[in-house]
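Reviewing the structure listed below.
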Amino acid sequence: MALADLDFAYLTTVGRKSGRPRTIEIWFALDGDTVYLLSGGGDSAHWVRNLQANRQAKVRLGRKTYSGTARFVEGQPEDRTARRMLAAKYEAWEPGKRLSSWARNSLLVAIDVSR
């Protein structure tokens, strides 16, 4: 199975208060060496707040773990493409259809990983 076809990724951030690793299971889209994530909770999600404090993260895809650096994609050229990738993967979105509220309004985060 290709990494992009996996159902979930496991994102590990550094706790902004504790400094300890924090891991969550999360939906993702993969494009080259970039993992895209949507936060329905926007910037109030703990994993997002951790990344705002420390952009270094680890992403486990299948049995492999990759180190990476987070960036917030809002308004960047890849924003539209990444949202559509996530919607197509998890919501059976097709070109010509309107994106769901989740795909349109969630905070988009990219993790550029080293493979």
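Just the heavy atoms: all of them, side chains too, but no hydrogens, waters or symmetry mates, feed the values below. Position 1 is the first residue of the sequence; numbering continues from there.
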For S67, what residues pass the side-chain hydrogen bond (donor to acceptor under 3.5 Å, both in side chains) criterion, not counting sequence neighbours? K58
Set of residues satisfying side-chain hydrogen bond (donor to acceptor under 3.5 Å, both in side chains) with respect to N105, sequence neighbours excluded: S101
Go through the structure and list residues passing side chain to side chain contact (heavy atoms under 4.5 Å, CB included) with A70, not counting sequence neighbours. L51, R55, V109, I111
Just do the side chain to side chain contact (heavy atoms under 4.5 Å, CB included) check on L86 and L108 with the steps written out, would you? CA-CA 10 Å; L86 281 150; L108 180 61; 4.2 Å; yes
Do L61 and F28 come close enough that some side-chain heavy atom pair is under 4.5 Å? yes
Name all pairs fulfilling the salt bridge (Lys or Arg N to Asp or Glu O under 4.0 Å) condition that reach into residues 80-93, sequence neighbours left out, sorted by first residue then second. E74-R83, D79-R83
Co-members of the apolar cluster containing M85 [side chain, <4.5 Å]: none
Can you see which heavy atom on A87 is nearest to which on L99, and at what distance? CB-CD2, 3.5 Å
Are V14 and Y10 connected in a single hydrophobic cluster, I mean Ile/Leu/Val/Met/Phe/Trp/Tyr linked by side-chain heavy atoms less than 4.5 Å apart? no
Pairs involving residues 15-32, ordered by first then second residue, that meet salt bridge (Lys or Arg N to Asp or Glu O under 4.0 Å) (sequence neighbours left out): none
Output the distance between atom CD1 (I24) and atom NE2 (H46), rounded to the nearest 0.5 Å. 11.0 Å
Of all residues at least two apart in sequence or in a different chain, which pass the side chain to side chain contact (heavy atoms under 4.5 Å, CB included) check with A110? T34, Y36, R71, V73
With A45, which residues qualify under side chain to side chain contact (heavy atoms under 4.5 Å, CB included), at least two apart? S39, W47, V48
Compare all side-chain heavy atoms of Q52 with those of F72 and state whether any distance is below 4.5 angstrom. yes
Sequence neighbours left out, what passes side-chain hydrogen bond (donor to acceptor under 3.5 Å, both in side chains) with T23? Give chain and number order. T12
Would you say that I26 contacts F8 through its side chain, given a criterion of any heavy-atom pair below 4.5 Å between the two side chains? no
Residues two or more places apart in sequence or in another chain: which of them pass ring-ring contact (aromatic ring centres under 6.0 Å, His included) with Y90? W27
So CG of L30 and CG of D5: to nearest 0.5 Å the spacing works out to 9.5 Å
S44 side-chain N/O to G41 backbone N/O, donor-acceptor pair under 3.5 Å: yes
Taking side chain to side chain contact (heavy atoms under 4.5 Å, CB included) as the test, write out the residues that go with D7, two or more places apart. none
Do the non-hydrogen side-chain atoms of L107 and L38 ever get within less than 4.5 Å of each other? no
Sequence neighbours left out, what passes side-chain hydrogen bond (donor to acceptor under 3.5 Å, both in side chains) with D33? Give chain and number order. R115
Within the distance-only criterion (no hydrogens, no angle test), does the side chain of W93 pair as donor or acceptor with the backbone N or O of K97 below 3.5 angstrom? yes
Within this structure, what is the CZ-CG distance for the pair R63 and L3, rounded to the nearest 0.5 Å? 12.0 Å
